[in-house]
Amino acid sequence: MILEIDDNLVIYRKDGYYKPEFSPYFLYKDDQGPIKKIWKEFKPKQLQKREAPDTKAIKSLILDVPEPYEYDIPLKKRYQIDTRTAPHYIKDELTYLAFDIEVYNEGGAVDARKDPIIAISYATKDKADVLMLSNGNRQTPYKSEKQLIKAFMDIVLTYDPDILVGYNSFMFDLPYLQKRAKKHGIVFNIARWGLDMGKKKVKIPGRIHVDMYKIVRLFKRLGVIEVKDYTLKTVYETLFGEDKFSITKNEIWKMWQDGDKDLWEYSLSDALATKALFEHFFDLIIELSHTSRTFMQELVSSTPGQLVENLLLYEGGPEFLIPALPSREEVEYRESNPIKGAYVKLPEPGIYENIAVLDFRSLYPSIIITYNIDYYTYNKEGKGYISPLGHAFLDHPQGLIPRILEGLIDERDAIKKKLKEDPDNKQLQARAQALKVLANSFYGYMGYPRSRYYLREAAESVTAWGRKHIMEVIEEAEKWGFKVLYTDTDSVFLIYEKKEDILRFLEYINKKLPGKMRLDLENFYIRGLFVTKKGEEAGAKKKYALLAEDGSVKIRGFELVRRDWSPIARETQRKVLDIILKEGSKEKAISYIQEVVKRLRRGEVKPEELVITSQITKSLDKYDVISPEVMAAKRLRQKGEKVKPGTLIRYIIAAQDGKTSDKAWPYELFKSHNLQYDAEYYIHHQVLPAVMKLIQELGVSEAELTENIKQSSLDSF
DNA sequence: GCGAGCAGCGTACCT
DNA sequence: ACAGGTACGCTGCTCGCG
């Protein structure tokens with residue numbers, strides 16, 4: 001079992017490592033036809049200096065070769081393609097150790113130059129412990145930070161795990177350990193064979209380093225999980241539905257000084273939670289690795305686009321000529337010419353009964369397979385399937401992406417069958433999920449400007465066929481006498497009288513659909529709500545709530561699903577939606593809203609309920625417009641906190657003069673400065689906007705509600 | 001100098 | 001750094017008024 005292949009083509013197994021004999025090549029055409037040229041023969045001097053041929057260097061050296069091909073394939077990929085080497089992990093043979101460090105810091109940003117490590121926790125399959133640094137109040141075996149770090153190194157080297165698991169360990173724990181060790185004149189080395197770790201990147205030769213933070217971000221992009229932020233606590237709690245032990249981070253230093261047992265508990269809980277996350281996703285990590293032909297170490301730092309590319313290179317490499325990566329100019333050109341996407345029907349606002357939701361099963365993958373849409377089947381002479389935009393795709397031979405997609409979908413169907421007999425089989429579940437998320441990523445990759453296999457004509461044909469098919473369903477449904485409430489991309493909302501009519505309609509449509517395409521019943525709903533756009537008569541797209549027969553409520557788009565709205569507004573909206581869908585009581589909805597307004601005016605609402613969360617996406621100085629989250633972020637930075645792209649800012653609007661952004665304070669500062677919240681802001685900019693459109697559908701006018709609110713505010717004083 | 005109206009930016013959502 | 005379609009808050013500008 002190969003654990004990892006690094007960029008220098010060193011192959012690591014559990015029992016050792018080796019470097020295979022391998023001569024990478026590129027192709028070029030001349031009068032004689034295609035010729036294979038070995039890289040190191042081409043310009044020996046420049047290239048043999050390096051362990052790994054640098055594809056960029058090669059590219060610049062072969063510009064004078066007529067029609068060069070496949071000169072930019074990374075060495076590791078070239079090796080995988082030519083020797084048919086792909087990951088095959090065996091779960092039961094892999095050992096792992098999760099870990100986490102705590103740092104002493106009395107305020108401001110944590111700084112490796114001054115702040116020592118005070119605790120290191122770890123957890124393996126059957127053991128967990130905390131190594132805590134001694135202090136005046138609590139004696140432990142670790143009298144110095146140096147001893148602490150060495151003890152942890154010993155634990156790793158003795159347990160000898162194949163996989164080292166952390167949470168944000170790429171960016172924090174491992175570099176921090178390295179820096180602190182260096183300060184004490186030792187090398188932090190936990191490699192398997194005594195090799196040094198990389199100077200820049202954190203590398204642990206012989207082991208796989210899995211940073212669960214990165215995995216969580218990848219899984220979010222793949223649509224595997226849904227989390228509101230990426231802290232270990234949030235992710236753990238969303239996944240397992242139970243509270244994780246936590247403490248206030250800026251009290252860690254004090255807790256350590258006091259010898260507080262809760263710090264020990266907290267440190268342990270971080271290692272245990274990291275381990276739990278890893279174990280929860282272990283099967284899926286392995287299956288995604290297998291399916292995308294991506295070794296686990298690479299998978300950890302991959303994007304969905306890379307996974308798709310790896311699979312395409314591996315499957316197509318030996319047979320199809322691999323297209324080169326696009327130049328910067330080409331990427332810019334592609335970016336400035338986006339392709340037309342899906343069709344969304346404008347809904348009529350209102351409350352409806354008896355709604356059936358139908359949707360196409362894997363719409364874009366099924367279109368790609370059915371019409372054989374591919375980089376290699378695109379035909380300029382107009383032969384084959386003609387898309388609604390007039391682009392042609394040969395009906396045979398089968399293209400690379402259609403072939404791969406069909407393989408993924410067929411295998412998934414086979415696994416689904418097996419799962420019927422063995423429903424609790426975790427490995428099969430993970431395999432089915434891996435196949436699904438990968439299949440769903442291909443359309444995006446076709447239209448991804450940096451893709452090797454980008455083809456505008458292909459990507460825009462996929463969406464054009466998608467629009468055509470959904471339009472046809474709308475037309476047919478109307479012919480059948482159904483009211484078509486709403487459609488978005490691949491789903492159709494119909495109002496029905498008898499469920500049986502819907503089933504007959506489905507059967508009729510499916511008989512007419514070509515190839516792999518299929519329309520499914522998603523569910524029947526008792527009641528549904530569509531609202532207007534703010535301040536307009538027209539319906540709002542991508543915003544609705546549906547009450548299913550089992551009492552569950554499906555909510556899309558509303559403020560209550562958005563993290564950049566405060567919990568108080570979201571919770572009030574959720575409650576009002578519930579009242580509307582389940583009871584339809586105007587009075588109850590109004591009195592609930594009044595209660596919330598009163599609580600806000602009386603200052604009874606806790607700060608946690610007022611926190612608005614928003615992400616910073618670029619460097620703080622690059623913002624031209626200072627929005628509330630940017631202002632709050634600047635206040636954090638002033639205090640010494642690091643704010644980078646990707647940082648989530650949690651802020652509260654305080655009662656003071658000025659623009660909204662002037663009043664935006666980071667949650668921590670809001671509390672430590674003993675600020676008051678701006679009740680009127682939360683009433684008029686959060687709670688009321690969130691519920692107004694809902695109760696309008698119940699026939700409550702804005703005047704009626706504000707009148708009630710004025711009265712309720714009088715009552716409260 | 002001031003408020004209303006609006007464009008553009010920015011974020012997070014839906015499929 | 002896999003796609004496009006959409007809603008909506010906020011800032012900061014222009015404009016009309018005086």
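In what follows, chains are A, B, ... by sequence order, proteins preceding strands, each numbered from 1.
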*For C:dA7, take OP1 and OP2 only and decide whether either is under 4.0 Å from a side-chain N or O of A:K534.*
no
*Counting any heavy atom closer than 4.0 Å, what does A:S451 reach on the DNA or RNA strands: base, sugar-phosphate only, or nothing?*
nothing
*Could you tell me the separation between the CD1 atom of A:I626 and the P atom of C:dG12, rounded to a whole number of Å?*
7 Å
*Using a cut-off of strictly less than 4.0 Å, decide whether A:K693 has a side-chain nitrogen or oxygen near OP1 or OP2 of C:dC8.*
yes
*Scan A:V308 against the nucleic acid and name what it touches under 4.0 Å (heavy atoms): base, sugar-phosphate only, or nothing.*
nothing
*Phosphate OP1/OP2 of C:dG5 contacted by A:T489 side-chain N/O (<4.0 Å)*: no
*asked:* I want to confirm an ordering. Mapping A:S441 and A:A342 to their closest nucleotides on DNA chain C, which one lands closer to the 5' end?
replied: A:S441
*Is any side-chain N or O of A:T303 closer than 4.0 Å to OP1 or OP2 of C:dC2?*
yes
_Atom-to-atom span, OH of A:Y486 to C1' of C:dA7 - whole angstrom_ = 11 Å
*Establish, yes or no, whether the cationic atom of A:K554 lies under 6.0 Å from the six-membered ring centre of A:Y525 and within 45° of the ring axis.*
no
*Counting heavy atoms from C-beta on, name the nucleotide in B:dC13, C:dT6, B:dA12 closest to the side chain of A:S614.*
B:dA12
*Under 4.0 Å between a side-chain N or O of A:Y544 and OP1 or OP2 of B:dT15?*
yes
*Within the structure, does a side-chain N or O atom of A:R450 lie under 4.0 Å from either OP1 or OP2 of C:dC2?*
no
_Applying the ring-ring contact (aromatic ring centres under 6.0 Å, His included) criterion to A:Y371, which one of A:Y364, A:F393, A:Y378, A:Y385 satisfies it?_
A:Y385
*Once you round it to whole Å, what is the distance between C1' of C:dA3 and CG of A:N337?*
15 Å
_Between C1' on B:dT15 and CZ on A:R221, what's the gap in Å once rounded to a whole number?_
19 Å
_Phosphate OP1/OP2 of B:dA12 contacted by A:Q615 side-chain N/O (<4.0 Å)_ = yes
*Can you check whether A:Y623 has a side-chain N or O nearer than 4.0 Å to OP1 or OP2 of C:dC10?*
no
_Using OP1 and OP2 only, check whether a side-chain N or O of A:H685 sits under 4.0 Å from C:dC8._
no
*With respect to the side chain of A:K543, which nucleotide from C:dA7, B:dA12, C:dG9 is positioned closest?*
C:dA7
_Cation over ring face, A:R217 and A:Y230, 6.0 Å, 45°_ = yes
*Under 3.5 Å, is there a donor-acceptor pair linking the side chains of A:E309 and A:Y445?*
yes
*Let me know the distance between NZ of A:K542 and P of B:dA12, rounded to the nearest Å.*
17 Å
*At under 4.0 Å, does any side-chain N or O of A:R562 touch on OP1 or OP2 of B:dC13?*
no
_For C:dG4 and A:T463 - does any side-chain N or O of the residue sit under 4.0 Å from the phosphate oxygens OP1/OP2?_
no
*Give a yes/no answer on whether the side chain of A:K659 brings an N or O atom under 4.0 Å of OP1 or OP2 in C:dG12.*
yes
*Out of curiosity, A:H685 NE2 to A:S566 OG, how far, rounded to the nearest 0.5 Å?*
12.0 Å
*OP1 or OP2 of B:dC13 less than 4.0 angstrom from a side-chain nitrogen or oxygen of A:K541, does that happen here?*
no
*Counting distance only, does the side-chain N/O of A:S441 pair as donor-acceptor with the main-chain N or O of A:V437 below 3.5 Å?*
yes
*Out of C:dA3, B:dT11, C:dG4, which nucleotide sits closest to the side chain of A:P338?*
C:dG4
_Touch class at under 4.0 angstrom, heavy-atom based, for A:V462 against every strand present_ = nothing
